[in-house]
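Working notes, beginning with the structure itself.
To find a chain, count down the sequence lines: A is the first, B the second, and so on, and within it residues start at 1.
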Number of protein chains: 2
Amino acid sequence: MVEAPGCCAPLVSEPLRDGEAAELAPLFKALGDPVRLRLLSLIASHAGGEACVCDLTGAFDLTAPTISHHLKVLRQAGLIDSERRGTWVYYWINPPALERLSAVLAPRAVPV
Amino acid sequence: MVEAPGCCAPLVSEPLRDGEAAELAPLFKALGDPVRLRLLSLIASHAGGEACVCDLTGAFDLTAPTISHHLKVLRQAGLIDSERRGTWVYYWINPPALERLSAVLAPRAVPV
DNA sequence: CTGCTACTTAGACACCTGTCGAATCAAGGA
DNA sequence: TCCTTGATTCGACAGGTGTCTAAGTAGCAG
């Protein structure tokens with residue numbers, strides 16, 4: 001019945017320890033903005049698993065610096081990663097980070 | 001292959017629509033604070049499925065009004081609900097809200 | 001009614017955040 | 001070399017957030 005080592009048990013099964021809460025909160029915080037949520041989704045669902053910034057800016061009524069700011073927040077949270085290749089900068093998601101959040105919110109422990 | 005009606009497809013499978021992002025972001029935002037994360041977890045994992053405020057305040061080095069404030073944020077986001085019974089106020093989680101967030105972050109569509 | 005306990009609301013204040021325009025950096029052609 | 005395009009950084013500013021103290025509300029017991 002009990003299985004989790006404490007690091008990945010869902011939030012509902014046992015009280016989150018202080019350190020884990022401090023670790024997870026910034027990730028949720030990064031997701032707490034509709035622009036960032038859509039950015040993450042656009043990147044994640046983009047063909048090839050990665051997207052150029054130029055693929056993203058068009059989807060919003062925001063200036064390039066603002067998009068850049070949101071991408072930085074997502075990257076510093078560890079939800080996405082990026083690399084420059086020639087003229088363009090490409091972004092892709094970090095699946096383990098998303099999976100961890102999903103698991104924490106799951107109603108019961110998910111078998112790994 | 002495709003199954004989701006658009007309302008619950010995971011973030012990675014197709015771009016989040018504008019409205020859905022606007023709907024989800026406040027929930028993630030509410031989770032974006034370590035105190036609230038621990039509060040939610042304490043409530044969710046408490047025996048009986050609900051917790052009195054008096055069960056919660058002791059776990060933090062914060063004043064009662066601050067705890068009250070965080071509980072209000074969680075409640076307004078729809079993550080928890082509350083009721084006064086006599087002298088005490090009880091809180092419990094709203095499982096569908098958590099499940100929805102978990103599903104959105106899941107690597108692939110979860111069979112309902 | 002008076003007082004006591006549990007909790008919430010109100011007001012204040014330092015700090016953080018989302019957005020923009022302007023400037024800057026990086027890479028690739030003329 | 002200089003110019004153009006793609007993207008980030010900087011500086012500023014309105015508005016939001018977490019925390020506190022003080023004050024208020026709700027129920028219970030004399």
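At least one side-chain heavy atom of A:Trp92 sits less than 4.5 Å from a side-chain heavy atom of A:Asp81. For the pair A:Tyr91 and A:Glu83, the minimum side-chain heavy-atom distance is 4.5 Å or more. At least one side-chain heavy atom of A:Ser82 sits under 4.5 Å from a side-chain heavy atom of A:Val89. Taking the side chain as every heavy atom from C-beta outward, A:Leu24 and A:Glu20 approach each other to under 4.5 Å. Looking at heavy atoms from C-beta onward, B:Leu37 lies in side-chain contact with A:Phe28 at the 4.5 angstrom threshold.
Rounded to an integer number of Å, the gap from B:Arg75 CZ to C:dT8 P is 8 Å. Between the C1' atom of D:dT8 and the CD atom of A:Gln76 lies a distance of 12 Å, rounded to the nearest Å. Rounding to whole angstrom units, NE2 of residue A:His70 and P of D:dA7 are separated by 17 Å. Rounding to whole angstrom units, CG of residue A:Asp61 and P of C:dC20 are separated by 9 Å. Rounded to an integer number of Å, the gap from A:Leu39 CG to C:dT19 C1' is 14 Å. One atom, CZ of B:Arg38, and another, P of D:dG18, lie 16 Å apart when rounded to the nearest Å. As a whole-Å value, the separation of B:Ile80 CD1 from C:dT8 C1' is 14 Å. Separating the CG atom of B:Leu71 from the C1' atom of D:dG18 is a distance of 14 Å, rounded to the nearest angstrom.
Comment: A:Arg17 does not engage A:Glu23 in a salt bridge, judged by the lack of any side-chain N to carboxylate O separation of less than 4.0 angstrom.
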Using a cutoff of under 3.5 Å, can you pull out all pairs of nitrogen or oxygen atoms linking the protein to nucleotides 11-17 of chain D, with atom names and distances?
| residue | atom | partner | partner atom | Å |
| --- | --- | --- | --- | --- |
| D:dT17 | OP1 | B:Lys29 | NZ | 3.0 |

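Counting only distance, with no hydrogens or angles, the side chain of A:Asn94 and the backbone of A:Gly78 share a donor-acceptor pair below 3.5 Å. When atom types are taken as modelled, the side chain of A:Arg84 and the backbone of A:Gly86 share a donor-acceptor pair closer than 3.5 angstrom.
For B:Lys72 and C:dT8, the shortest distance from a side-chain N or O to OP1 or OP2 is not below 4.0 Å. Side-chain N/O atoms of B:Tyr90 include none lying less than 4.0 angstrom from OP1 or OP2 on C:dC7. At C:dC7, none of the side-chain N or O atoms of B:Tyr91 fall inside 4.0 Å of OP1 or OP2 (strictly under the cut-off).
Contact detail for A:Leu31 and A:Leu79: the closest heavy-atom pair is CD2-CD1, 3.8 Å.
Remark: nothing in residues 43-57 of chain B comes within less than 4.0 Å of DNA chain D through any heavy atom.
Side chain of B:Ser68, nearest nucleotide from C:dT8, D:dT9, C:dT19: C:dT8.
As judged by a 4.0 angstrom heavy-atom cut-off over every strand, B:Leu62 is placed among residues touching the sugar-phosphate backbone only.
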Contacts table for residues 42-64 of chain A: side-chain donor-acceptor under 3.5 angstrom, sequence neighbours left out:
| residue | atom | partner | partner atom | Å |
| --- | --- | --- | --- | --- |
| A:Ser45 | OG | A:Ser41 | O | 2.7 |
| A:His46 | ND1 | A:Glu50 | O | 2.9 |
| A:Glu50 | OE1 | A:Arg85 | NH2 | 3.4 |
| A:Glu50 | OE2 | A:Arg85 | NH2 | 2.3 |
| A:Asp55 | OD2 | A:Cys52 | N | 3.1 |
| A:Thr63 | OG1 | A:Thr66 | OG1 | 3.2 |

Checklist outcome for this item: Protein-proximity profile, nucleotides 21-30 of chain C, B/S/- by nucleotide at the 4.0 Å heavy-atom cutoff, equals BB---SSS--
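Connectivity analysis of hydrophobic side chains (ILVMFWY, heavy atoms under 4.5 Å, direct or indirect) links B:Tyr90 to B:Trp88.
Sorted by first and then second residue, the pairs that involve residues 26-44 of chain A and meet salt bridge (Lys or Arg N to Asp or Glu O under 4.0 Å), not counting sequence neighbours, are A:Arg38-B:Asp18.
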